[in-house]
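Scroll down for the structure; my scribbles are underneath it.
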Amino acid sequence: MKIIVTEHYEALSRRAAEIMLEVVRGKRNSVLGLATGTTPLGLYAYMIADHEKNGTDYSDIRTVNLDEYRGLPATHAQSYAYFMRKNLLDGLGIPSANTHIENGMAADAEAECARYDALLEALPRDIQLLGLGSNGHIAFNEPGTPFGAGTHVVTLAESTVRDNARLFASADEVPRQAFTMGIRHIMQAKRILLLASGANKAQAVYGMVRGAVTEQLPASVLQLHPDCILIADREAAAKL
């Protein structure tokens, strides 16, 4: 695992953008695995600014997202489909047919998971962006998730609900379940780029990098990936 420590969040975002843009410019039909949450927002802002200034072409880029809340339609302001359109996809002009995310309103959850697994097999990611949960989760793969799991429905840990409650009017409004890409498909990406910012991520970063590889800390599996880059700001890297 390559570790890059930056002084602050802005530098983290800028360095992450350099890595993502290298992939986009190097292969015009790259498949980008994307993530939601507050950590990648700076990266996404850099990507949009570059597109507007330099005309970086995204017309043939394909994207797949890690996860989606179960029970929220794509039009809901807190759905991840809406988040991605608002914070990145519309700004890059990626055709909607080239963007993919789980259907949070799918009536048959098992069929939706099978559909997404088939999609992931057909679209191997050139790079997979990840955030890091304070409990060490990646995507919505909570502690105890088997490393071999495919797309599945997960009941969110209370720590995850608390972490995400800041984006809702109250914690009571946070959905308790989500569809998530499984660890098996995360590990199939050619390159993984994980971003970690803030003191509340320091223990998870330490466990991911220095601890044992264990399903009780899902991010620790990234020690086994042949091309994984961690970018952490000083606060998140404080225990390394």
Side-chain angles (χ1 to χ4, degrees), residues 16 20 24 29-48 51 58-133 137-142 150-156 160-161 163-182 185-186 189 193 195:
M20 290 291 284
V24 171
N29 65 341
S30 296
V31 179
L32 310 181
L34 299 177
T36 54
T38 55
T39 304
L41 287 175
L43 159 64
Y44 292 163
Y46 269 107
M47 292 175 70
I48 292 172
H51 174 67
Y58 287 85
S59 57
D60 293 324
I61 295 293
R62 283 80 50 79
T63 71
V64 292
N65 257 79
L66 291 169
D67 39 37
E68 178 60 284
Y69 285 121
R70 190 179 185 192
L72 292 190
T75 54
H76 192 286
Q78 296 303 332
S79 75
Y80 287 159
Y82 182 92
F83 175 99
M84 292 306 304
R85 290 195 307 273
K86 176 183 177 183
N87 292 296
L88 183 66
L89 301 176
D90 287 352
L92 299 179
I94 300 178
S96 59
N98 289 354
T99 68
H100 306 280
I101 191 168
E102 298 96 329
N103 176 10
M105 297 300 290
D108 186 333
E110 184 175 343
E112 176 61 10
C113 292
R115 180 193 73 83
Y116 211 66
D117 277 348
L119 175 76
L120 295 171
E121 292 293 340
L123 291 174
R125 275 124 294 124
D126 293 284
I127 189 167
Q128 176 64 63
L129 178 66
L130 296 175
L132 179 67
H137 76 244
I138 47 177
F140 273 136
N141 293 288
E142 299 285 9
T151 304
H152 58 283
V153 173
V154 61
T155 297
L156 304 182
T160 302
V161 171
D163 287 348
N164 291 355
R166 68 190 185 280
L167 304 174
F168 291 79
S170 72
D172 292 338
E173 293 187 11
V174 182
R176 263 46 183 184
Q177 288 191 322
F179 290 96
T180 186
M181 185 189 298
H185 284 112
I186 290 173
L193 175 60
L195 309 181

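Computed from heavy atoms alone, side chains included, the values below leave out hydrogens, waters and symmetry copies. Numbers for residues simply follow the sequence, beginning at 1.
In this structure the side chain of Glu68 never reaches within 4.5 angstrom of the side chain of Asn103, judged on heavy atoms. Using a 4.5 Å heavy-atom threshold, the side chains of Met20 and Leu43 count as touching. Two residues are said to be in side-chain contact when any heavy atoms from C-beta on lie closer than 4.5 Å; Asn98 and Thr63 fail this criterion. In this structure the side chain of Ile186 reaches within 4.5 angstrom of the side chain of Leu66, judged on heavy atoms. The closest side-chain heavy-atom distance from Val153 to Glu102 is not below 4.5 Å. When side chains are defined from C-beta on, Asp67 does not count as touching Val154, because their heavy atoms never get closer than 4.5 Å. With contacts defined as side-chain heavy-atom distances shorter than 4.5 Å, the pair Leu120/Arg125 qualifies.
In this structure, the separation between NE2 on His152 and CZ on Phe140 is 11.0 Å, given to the nearest 0.5 Å. Taken to the nearest 0.5 Å, the CG atom of Leu72 stands 8.0 Å off from the CE atom of Met105. With rounding to the nearest 0.5 Å, the separation of OG1 in Thr99 from CG in Asn65 is 8.5 Å. Atom CG of residue Leu32 and atom CG of residue Leu123 lie 11.0 Å apart, to the nearest 0.5 angstrom. In this structure, CD1 on Ile94 lies 8.0 Å from CE on Met84, to the nearest 0.5 angstrom. The OH atom of Tyr44 lies 8.0 Å from the CG atom of Leu89; values are rounded to the nearest 0.5 Å.
Asp117 contributes a side-chain N or O that, together with a main-chain N or O of Thr151, makes up a donor-acceptor pair within less than 3.5 Å. In this structure a side-chain-to-backbone donor-acceptor pair under 3.5 Å is missing from Arg85 to Phe83. Judged by distance alone, the side chain of Asn141 and the main-chain N or O of Met181 form a donor-acceptor pair under 3.5 Å. Judged by distance alone, the side chain of Arg62 and the main-chain N or O of Asn29 form a donor-acceptor pair under 3.5 Å.
Across all their heavy atoms, Phe179 and Ala106 have their closest contact at CZ-CB, 4.4 Å. In this structure, Leu129 and Ala35 approach most closely via the heavy-atom pair O-CB, 3.7 Å. Across every non-hydrogen atom of Pro175 and Phe168, the tightest pair is CD-CZ, 3.7 Å. The two residues Ser79 and Ala74 come nearest to each other via the heavy atoms OG-O, 3.1 Å. Considering every non-hydrogen atom in both His51 and Tyr58, the closest pair reads ND1-CD1, 3.8 Å. Of all non-hydrogen atoms in Ala165 and Val174, the two that sit nearest each other are CA-CG2, 3.7 Å.
Remark: Thr155 engages Gln177 in a side chain to side chain contact (heavy atoms under 4.5 Å, CB included) (not counting sequence neighbours). For the salt bridge (Lys or Arg N to Asp or Glu O under 4.0 Å) test, residues two or more places apart in sequence or in another chain that qualify with Glu112 are Arg115. Asp126 pairs by the salt bridge (Lys or Arg N to Asp or Glu O under 4.0 Å) definition with Lys27, Lys190, not counting sequence neighbours. In this structure, the ring pair (Phe, Tyr, Trp, His ring centres under 6.0 Å) partners of Tyr80, at least two apart in sequence or on a different chain, are Tyr69. In this structure, Asp90 has no side chain to side chain donor-acceptor pair (under 3.5 Å) partners at least two apart in sequence or on a different chain. Here Glu121 pairs with His185 under the side chain to side chain donor-acceptor pair (under 3.5 Å) rule; sequence neighbours left out.
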